[in-house]
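Worksheet: one structure, shown below.
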Amino acid sequence: MKRLSKPVSIVIALVILLFSAVSVLGFSYYEGDIRKVVVKGFGELDWGLDVNGGEKIVLTAATVDEACANECIDNLYKSADIIDKRIAALGLIDCNLYVAEGNRQIVLEVPHNNGTELSAIDVAKYLTAKGEVTVRLGSSNSSYDIDSSYGIVYKDPKDATASTVILSGDSITNAYSDKATYTANDTGENIEYDSIYVQFDQKGVETLNNATLGEYYGQDLSVWLDNIMLTARLDGDASNGFLFTGDNFTESKAKLYAAVIANGKLPSDLKVTSESVLAPVVENNSAKVVIYTGIAAIAVIALVMILKYRLAGVVSLFAVLFQFSLILAILTGFCFNKDGGTFLMTLPGAAGLMCAVLLTVLSLIIISEKIKAKLNNGTLPSEALAVTIKKSGRLITDINIITAIVSLIGMLMFGSVDFVAVILGGGITGGIFSFCYVLFLGSVINFVTGYFVAQFMMRSLVDFKCFNKSTVFGGAKK
Amino acid sequence: MKKLIKFSALTKFMAVASAVIAVVGIVMLLILSGETTPEFTFVNLGWGLVLRTLVAAVLTVALTTAYLLICYGKKGFTMGLTSALGAVISAVCAFAFCVICRAPLSDFTFPVMLLGVFVSYISSVIFFRSFGTDKPKGRQFSVDVAFETAANKAFVPLLVMLLLITLVAVGAFAVALFLKSSALCLYVLPVILTAIFSVLVTLSFTCNIYAKKA
């Protein structure tokens, strides 16, 4: 095996220390009163329901008729299934949704960090809305509201708008949010704006074409979601899908509306019977618990590994630090995600992070145990290292790949993947998803941290005369 | 090689123990179901989750077996099935440990079960590698001797990992207790028991099945 020069280990150690410091602490500066984030650290990580809390909404079947009890309960489950699909379409993984059959209720818990500029309760209300889409004549409304993102919401149609329903949402076949563009008259510049594209079935297209080209030619048609006006003007044509563009649409709002529209309306009316703030599951200390546990865990790992494997233990400390900080950098987006939100971390995700760290430690234990066995058989440290690295590579690869497979399936099955939701129905479980996501990252990164970093550092360190001894690697004294 | 544990003697014991733990867990779940538990429990999760779990289990077994088949040839098939058996037993027992230790059946139960699956798969892979490459020297050796040697060899790194898991869990318990996060404290014992049980049941029971079949 080719020998590595002495400075390699020092350079690797310095790079790991520097990267870990930046990744964990982040880097920001102030321009006046405004904080500019250059690198997102641990403090910028978005936390889910269990750490940061959220809001809870309880919906009860509007008509509770004993005569149709079974039908009511059936509708409750169908409604929950549609809400679950809406959640999947929005990509909100850390949500709790369940049916309390005894009380004929649907309970939805939404985290404060929900990826939109709306409050958790507003998102919960949209997700559990009846979802009746109507195209109406004109855009007269009798009231308006300000939502939690300070956008105006026009409500309650009146006059001709209330009485003239041109099309209902039953003929909608698909809806998705995307950017639309228009060319500015003065500058000729193409300007993008957020929109919802909605496709209708043949009957719907014919009705809309007849309305826009015939009876209501030249008049504006508005689009409503229940009693909320989404847009005062319907654009587009049948071939590309009709375009809904609201004055206060943002990317996340368009995505939320599209998620509601695309999955159809609820089969029965539900009324909101309670709204409440959801405290973090573990009081207000969860983030602190994670930080302190992480520090304690790394300290314990370092202590045990150094006591048992000496120099290899020190190497494992650097490998663990690198593993931890690389995963953290990916979760926060490091310097590539200055404005957007980070991965929504939960306590199960933190447990996944701990397992990912253990994966690296295990790789180091496997290498160190093999080195120890060789040294105890009388092999020189440099030779023992060369043989061990070659031998343990296959085992570490097997462990990483098996872990990656298991966690990848977990991510696929319990995340918000569209085709899985379509085939298997609801069942997004944010806890499993975040655990598997972090563990998957850990298993991939462990190819670098658990094997290459470890072997490069050890091969370089063994070149120092003082380290080229059996006892330095935890072997027996000769 | 110095033998840490006589795994072949543990085989039957671990098989019976896992069955007993699973049964006790289920019985306790039925008895305790009337008690006040968090609203977000397994009971409320519905068939969507059950269906996804079953599909996830089938896909995991299929893909891991396919990988082991590619790497180890025909033996990979037996490896895939036995490691899956170990993972399933570990997951079921992890759930039972949560019930027995009276940890709330909330979102945090999943990581405990997944820890069992993770540890079990790792134990299987380390054993397969030891069993395939480190056969005892000498012309004649029985399957039991080969199994015992490989299981003990695989147990050495796993023992250090178990020690670390236990210490980290105890550390987390201390931190959670200090910060008055009592809900987290309830999962410490299931985590430790799951990790230890997963390693032992995989090495002594499912790996023994593999050793006899291979």
Side-chain angles (χ1 to χ4, degrees), chain A residues 49-50 77 80-81 84 96 98-100 107 109 281-283 285-286 288-289 292-293 296-297 299-301 304-305 308 346-348 351-352 354-355 358-359 361-362 365-366 369 391 394-395 398-399 401-403 405-406 409-410 412-414 420 424-427 429-432 435-436 439, chain B residues 38-41 44-53 55-57 59-60 63-64 67-68 71 83 87 106-112 114-115 117-119 121-122 124-126 128-129 133 156-158 160-161 163-165 167-168 170-172 174-176 178-184 191:
Chain A
L49 262 175
D50 46 11
Y77 279 103
D81 194 40
D84 213 359
N96 292 336
Y98 54 90
V99 177
V107 183
E109 295 169 354
V281 178
V282 255
E283 297 166 23
N285 295 319
S286 311
K288 273 187 183 173
V289 171
Y292 292 156
T293 305
V300 163
I301 289 168
V304 172
M305 292 295 283
K308 191 154 174 62
T346 59
L347 285 180
M354 198 39 72
C355 283
L358 280 173
L359 203 60
V361 177
L362 183 69
I365 293 171
I366 289 166
E369 278 296 336
K391 263 184 141 182
R394 182 72 191 273
L395 178 56
D398 280 352
I399 290 171
I401 289 178
I402 295 280
T403 309
I405 289 171
V406 176
I409 300 286
L412 191 72
M413 284 295 132
F414 300 101
V420 178
L424 301 174
T429 312
I432 304 181
F435 180 94
C436 291
L439 189 56
Chain B
E39 283 172 314
F40 183 55
T41 63
N44 292 322
L45 291 176
W47 284 106
L49 184 85
V50 177
L51 197 62
R52 281 178 186 234
T53 309
V55 176
L59 278 177
T60 305
L63 284 179
T64 47
Y67 173 73
L68 292 169
C71 293
S83 57
S106 66
D107 232 10
F108 307 134
T109 313
F110 298 125
V112 183
L114 287 169
L115 175 76
V117 172
F118 168 71
V119 170
Y121 263 114
I122 283 177
S124 299
V125 171
I126 297 177
F128 296 149
R129 201 87 203 130
T133 55
V156 175
L158 291 169
V160 183
M161 195 182 75
L163 175 73
L164 289 173
I165 289 176
L167 288 173
V168 169
V170 170
V175 171
F178 178 67
L179 293 172
K180 292 173 185 165
S181 294
S182 52
L184 276 184
V191 163

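Labels below follow one simple rule: chain letters A, B, ... track the order of the sequence lines, proteins then strands, and each chain is numbered from 1. Since the structure is predicted, the reported quantities are computational estimates derived from the model, not experimental observations.
Legend: residues meeting side chain to side chain contact (heavy atoms under 4.5 Å, CB included) with Ile401(A), ordered by chain and number and at least two apart, are Thr397(A), Ile405(A), Phe447(A), Tyr67(B). The side chain to side chain contact (heavy atoms under 4.5 Å, CB included) check on Ala351(A) picks up Phe435(A), Pro111(B), with sequence neighbours excluded.
Of the inter-residue distances, the one linking Leu359(A) atom CG with Met161(B) atom CE reads 9.0 Å to the nearest 0.5 angstrom. Annotation: the span from Asp398(A) atom CG to Ile122(B) atom CD1 amounts to 11.5 Å, rounded to 0.5 Å. Annotation: the span from Thr403(A) atom OG1 to Tyr121(B) atom OH amounts to 10.5 Å, rounded to 0.5 Å. Atom CD1 of Ile402(A) and atom CZ of Phe128(B) lie 8.5 Å apart (nearest 0.5 Å).
Among Ala87(B), Pro157(B), Ala57(B), the residue with the largest count of heavy-atom pairs under 4.5 Å with chain A is Pro157(B). Contacts with chain A were tallied for Val191(B), Val117(B), Leu114(B); Leu114(B) has the most, counting heavy-atom pairs under 4.5 Å.
You'll find the side chain of Leu164(B) reaches within 4.5 Å of the side chain of Ile365(A), heavy atoms only. Counting heavy atoms from C-beta outward, Ile126(B) and Leu362(A) have side chains that approach closer than 4.5 Å.
The parts of Val300(A) that come within reach of chain B are both its backbone and its side chain, each placing non-hydrogen atoms under 4.5 angstrom from that chain.
Counting all heavy atoms, side chain and backbone alike, Arg52(B) lies closest to Met413(A) at NH1-O, 2.6 Å. Taking each heavy atom of Ile409(A) and Ala56(B) in turn, the nearest pair found is CG2-O, 3.4 Å.
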